[in-house]
Amino acid sequence: MIGLFIAACGGPMPTGDGGDVVMTDMTPPRDVRDTGVSTDTGVSTDTGVDPDTGVDPDTGVDPDAATPTDSGVDPDTGIAMDSGVAPDTGVVTDTGVVIDTGVVIDTGVVIDSGVVTDTGIDTGVVTDTGVDVRTDTGVDVRTDTGVDVRTDTGLPSACSMPGAALTLPAPGAPAVSRMGTLAASGGTNTSISCATFMFNTSEQVFPLTVAARTGIILTTNGSTIDTTISLRRTCTDGSLMSEVLCDDDKGTGTQSYTRGVVPAGIYSVFIDGFNAGNYTLNASTFTPAANAECSTPTALSTMAMTTGSTANGGTNGHVANNFAGAGSCNYDGTGGQVFYSVNVPARTRIDLSVARVGTQDLAVRVLDNCTATTCLGESRTTGAMPVVRTLTNTSATARTFIVSVASTSQTADANFTINPTATMLAPNSDCTTPTALSVGVATPTTSTAGGGTPSTACRPGEGGQLFYSISIPAMSGVDVALTRQGMGMPQDVSMRVLDSCTAAACVSSTATTPAQPTSSLIVRNTTAMARTVIISVSSTSATAPGSFTLRYTAAPSASYMRLTTTGQTCEALAAMPTTLTVSNPDDGISPIAMLPFTLRYWGVDATRFAASTNGNVQLFPAMGGAASTEQNNVALPNAAQPNGLIAPFWDDLNTVPMVSNIQTSIVGTGTTRRFIIQWNNWAHFNHSTMRATFQVRLHETTNVVDFTYCSITPGMAGTVAAGSEATVGIENIAGDLGNQVSFNTASGMALRTIEQGVRHTFTPM
C-alpha cells in the first residue's frame, strides 16, 4: 500500500520485495552505456530497448532478435549486473556501511537485509521506474528470498512498527512499565537462545537507548500470559551475535526475568508469547559493580578473606555468549552475579569457603573460563554453614578458575565472605603420575589431604584422590587391602579400581566402615599379558581427610577345586542349635545375619549370610546385600540374583508343617571351627511325600565349603529327589564365576549329584 501511494504521487515506487532498492537519484538522465542505469524514460530497462532507437544501446541488438535481452551480464565488462560490482573497477561500489540511521530511505526497512540501497551502478535493477521483472516475478530467488528468510522477507513486522521508546529509570528509582497485548497470530519466531518454539502470537518491540554502561533488569512479572524477553542490538538481526539477553520462564511462574550489564548503545526489547493476551514489561537499572561481568573479575588472594555483595551483580546468564548459558548448572532463578578469579599454582588445591552474611542464601559456581557454557560445579548455602568449592590443579603449570557468587533470590541481595585456603598436592594426586606399589609392601600411613580432583567415575561426593598403580601378571590376580588408620573415631576411606586414567567408570570399589577398618578387593587379569590397573584412595567425606595404608598380595585362584565322595555322614550339630526364622514357609528367606567368622570366598571377605527355604545359602561381603527367595533355579554362574550362592539343593522346596526347619550350629575350636547350616526334612512343592535333610559346612581359615546329603527319601518324587530339577554348585558374590556340580540332572553312576551319603567339597585353589 505504501508503494502504491508513492507511485500515485509521481514519486518512485519500491520494488516488490518490500524495499530491496530505493530510488533517491533525482539528477538528469545519464548515459546508459556508462552507468547501466535507465535514462528515466519510464520504460523498464529490463527490456533492453532504447525508447528512441528501438535498439539496445549497450549491445546494439534489435529487441526482436532471438538473443535474450535480460542475461544479467553487462556486455561491456562481462560482470553480472546483479553482482553489485562496478564494471570499471571490479570493486563493490557500496562500502556496506549502514547509512546514517541504518534504515533504507523511505521504506523503514533495515539495511541489514543485505540489499544495495542506491548505487545506480550495474545492479541489474531499474531505479527510476520501480519496475524490475527479475525481482518482481521471483526469477532471481537468491536475490529476493533465498538468502535469509528471516532477514530478507520474514522481517518481524514489529521492527517497522515499534512501540513507544523505552526510557530507563535512574539506578535505584522505581521500575518503568510498558503494557501491551499480543495478538493470536501474525508473529514470527523472535526468540533465539532462550526458546526454540515457533510462536503463533504477534510480537512487540520497544526501542531502547542506553546512554552509558549500566545494569538492567527486564521482567514480565505481573503479566497474564506466558512470555519471553529478548534484548537485541539490532531489531531485525535474528542471531546470537545481536542478542544480549534472553529469557523464557525464569520469572514468576511462566513469566520472564533477565538481568545483565550493557554498554551504551541503541537496543530493541522484544516481547513474545506462547499465547495471546496482555503483558506488562518492567525495566529497572542498577549501577554495576566492577566485577559484575565475567570479563572483569576481582582477583582473590589466598592470604586473606574477601567480603562481597550481590547487590550490583550482573548477568544471571540466559544466553550462550554470557556466563552460564542454557545447559549450565542450576542457573535458573538466581539473582545477579559477581565474579572472581582464582589463580591456582601448580600441583595445588584451593578450598574456597563461601559463607553468607545475613539470611539470604548464595549460589557459588565454578567455571573453567568466561566462554564456558557449563559450570565445573555449583554449591548453594542452605543456612549459616558455608559451602566449600574445591579448585584443584594437578598440572605442572598455574591455572586460573572463575568463581561467581549470586543470590538465590531475584529480589533479595546477599552479602558474603570468601576465604580461600591453599594446600600443596601430593605427587600422586594426578592419575597420570601414580605411585607404583610392590607386592607385599604396604605404603606408609598417608593422608588424603593432598589428594587431587574428587572422583566422578564412581563414589561421587567423596574427597580428593591419591593414585597408585599395580602390575598384575598374566592369568593371575591380586588381593588389594585398604586399612583405615587413626585413633579414636578415624575418618573412613574408600578405594576404586580403574582400568585407565580415562575410564568413565570403575571396575570395582569398596570402603572401610566404622566396624570394618580393613576393606579389600580382588583384581584379576584373565589375559595372556601383564595388566596395569590404577587404584585410587579417597576419604569418604568431601571435607574431612582420612589416613590409610594400602597393600596388595597375590590373590587366591579364581576357582575352587571340587571333590565328590560317597559314604559320608553329616556332622552332628551342637547340643543347642539355632533354628532360623524364615519370611515364609514357601519361598522364604532368613534375615541377613553375621557369620561367626570371616570366610574368604572367591577372594572376597564374606561376613554375612541368609538361608532360603529353596535349598541354598547366600553370602554377602562387609557392605551387605539383598537376599533372594527365587525358586526357579538356573545354571551357575549367572549374574542375576541370587549371587554369592552355595546351592546344595536349589529347587522349589516346601516345608512340612511342624517338621521342616533350617538350623545353624558352630562346632570345633580355635581357628578350625565349622559353621553348619542344615535343612531338616524338606519336601518338594509338587511332591509332598519327599523328605530331604542336607547340610552346608563353612570352614574357618581354610575357606573350604562342603555340603553333605544326610538322608534322602524320594517318596513319590522320583528323580526330582535326586536333582532332576535342581541346581547343585557354588558361585562367587559377583555372579561371574562358579563351580557347578549339576543343573537339572539326577544323580547316577556317571554323575553323583543329590543322594544320601554324597559329599561335595570345594577347596580354594
Side-chain angles (χ1 to χ4, degrees), residues 193-194 240 243 245-250 257-261 289 291-300 306 308 310 313-344 348-356 360-382 385-395 398-410 414 416-421 452-457 459-465 504 542-543:
S193 68
C194 62
L240 286 174
E243 190 170 74
L245 296 170
C246 187
D247 180 60
D248 181 6
D249 293 333
K250 306 308 179 293
Y257 168 93
T258 192
R259 171 180 184 141
V261 178
N291 61 341
E293 296 176 274
C294 187
S295 58
T296 58
T298 297
L300 289 178
T306 298
T310 66
T315 177
N316 65 321
H318 297 305
V319 291
N321 57 349
N322 281 317
F323 163 65
S328 68
C329 55
N330 295 327
Y331 69 90
D332 293 0
T334 58
Q337 299 178 86
V338 287
F339 296 86
Y340 298 88
S341 62
V342 185
N343 184 270
V344 183
T348 302
R349 185 185 73 243
I350 291 182
D351 296 312
L352 206 65
S353 176
V354 184
R356 74 184 196 190
Q360 179 54 50
D361 281 314
L362 305 160
V364 182
R365 303 176 178 91
V366 180
L367 291 106
D368 205 19
N369 52 61
C370 285
T371 60
T373 57
T374 58
C375 299
L376 296 177
E378 184 202 40
S379 298
R380 298 194 179 201
T381 61
T382 55
M385 290 296 294
V387 298
V388 177
R389 292 303 313 178
T390 299
L391 313 179
T392 304
N393 179 15
T394 59
S395 70
R399 178 183 177 187
T400 298
F401 293 87
I402 298 295
V403 176
S404 87
V405 182
S407 170
T408 57
S409 168
Q410 295 174 355
F416 56 89
T417 60
I418 304 180
N419 190 17
T421 303
T453 305
S455 172
T456 56
R459 304 186 66 90
E462 298 187 341
Q465 302 175 94
T543 57

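Just so it is clear, the values below take in all heavy atoms, side chains as well, and ignore hydrogens, waters and symmetry mates.
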A.B. asks: Have a look at V344 and tell me which of N393, T392, T394 forms a side-chain contact (heavy atoms from CB on, under 4.5 Å) with it.
C.D. replies: N393

A.B. asks: Measure the OH-OG1 distance between Y340 and T298 for me, rounded to the nearest 0.5 Å.
C.D. replies: 6.0 Å

A.B. asks: Please test V354 against T381 for side chain to side chain contact (heavy atoms under 4.5 Å, CB included), starting from the C-alpha separation and ending with a verdict.
C.D. replies: CA-CA 9 Å; V354 184; T381 61; 5.9 Å; no

A.B. asks: If the condition is side chain to side chain donor-acceptor pair (under 3.5 Å), which residues does N419 pass it with, not counting sequence neighbours?
C.D. replies: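 Per chain and number, N419 pairs via side chain to side chain donor-acceptor pair (under 3.5 Å) with no residue.
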
A.B. asks: Tell me, please, which residues at least two apart from S295 pass side chain to side chain donor-acceptor pair (under 3.5 Å).
C.D. replies: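 Side chain to side chain donor-acceptor pair (under 3.5 Å) list for S295, sorted by chain: empty.
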
A.B. asks: Write down the atom of R365, the atom of A406, and the distance for their closest heavy-atom approach.
C.D. replies: NH1-CB, 3.8 Å

A.B. asks: Ignoring hydrogens, what is the shortest heavy-atom contact between P386 and S353? Give both atom names and the distance.
C.D. replies: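 Closest approach of P386 to S353, heavy atoms only: CB-OG, 3.5 Å.
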
A.B. asks: Taking the side chain from Q465 and the backbone from T453, do they hold a donor-acceptor pair closer than 3.5 Å?
C.D. replies: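 Between the backbone of T453 and the side chain of Q465 there is a qualifying donor-acceptor contact (under 3.5 Å).
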
A.B. asks: Check the side chains of Q360 and T408 for a donor-acceptor pair under 3.5 angstrom, ignoring hydrogens and angles.
C.D. replies: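 The criterion, which ignores hydrogens and geometry beyond distance, is satisfied for Q360 and T408.
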
A.B. asks: Got I402 and P297 here, is their nearest side-chain heavy-atom distance under 4.5 Å?
C.D. replies: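 Side chain of I402 against side chain of P297, heavy atoms only: contact under 4.5 Å found.
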
A.B. asks: Kindly give the heavy-atom pair with the smallest separation between T310 and G336, and that separation in Å.
C.D. replies: CB-O, 3.8 Å

A.B. asks: Identify the heavy atoms of A398 and N343 that sit nearest to each other, and give their distance.
C.D. replies: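 So the minimum-distance heavy-atom pair works out to CB-OD1, 4.0 Å.
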
A.B. asks: Please round to the nearest 0.5 Å and tell me the distance separating atom CZ of F416 and atom CG of D361.
C.D. replies: 13.5 Å

A.B. asks: Any chance you could measure F401, atom CZ, to I350, atom CD1, to the nearest 0.5 Å?
C.D. replies: 8.5 Å

A.B. asks: Rounded to the nearest 0.5 Å, how far does OG1 of T400 lie from CG of N369?
C.D. replies: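 Atom-to-atom, N369:CG and T400:OG1 are 10.5 Å apart.
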
A.B. asks: Quick one: CG on D247 to OG1 on T258, what's the gap to the nearest 0.5 Å?
C.D. replies: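 Going from CG on D247 over to OG1 on T258, the span is 5.5 Å.
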
A.B. asks: Residues two or more places apart in sequence or in another chain: which of them pass side-chain contact (heavy atoms from CB on, under 4.5 Å) with T296?
C.D. replies: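 Once residues adjacent in sequence are excluded, the partners of T296 under the side-chain contact (heavy atoms from CB on, under 4.5 Å) criterion are E293.
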
A.B. asks: Is any side-chain heavy atom of R380 closer than 4.5 Å to a side-chain heavy atom of V387?
C.D. replies: no

A.B. asks: Please assess L300 against L352 for the test side chain to side chain contact (heavy atoms under 4.5 Å, CB included), listing each intermediate value before the final yes or no.
C.D. replies: CA-CA 10 Å; L300 289 178; L352 206 65; 4.0 Å; yes

A.B. asks: Ignoring hydrogens, what is the shortest heavy-atom contact between L376 and R399? Give both atom names and the distance.
C.D. replies: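 That closest heavy-atom pairing would be CD1-NH2, 4.1 Å.
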
A.B. asks: Looking at every non-hydrogen atom in both residues, tell me the closest pair between T390 and R349 and how far apart they are.
C.D. replies: CG2-CD, 3.1 Å

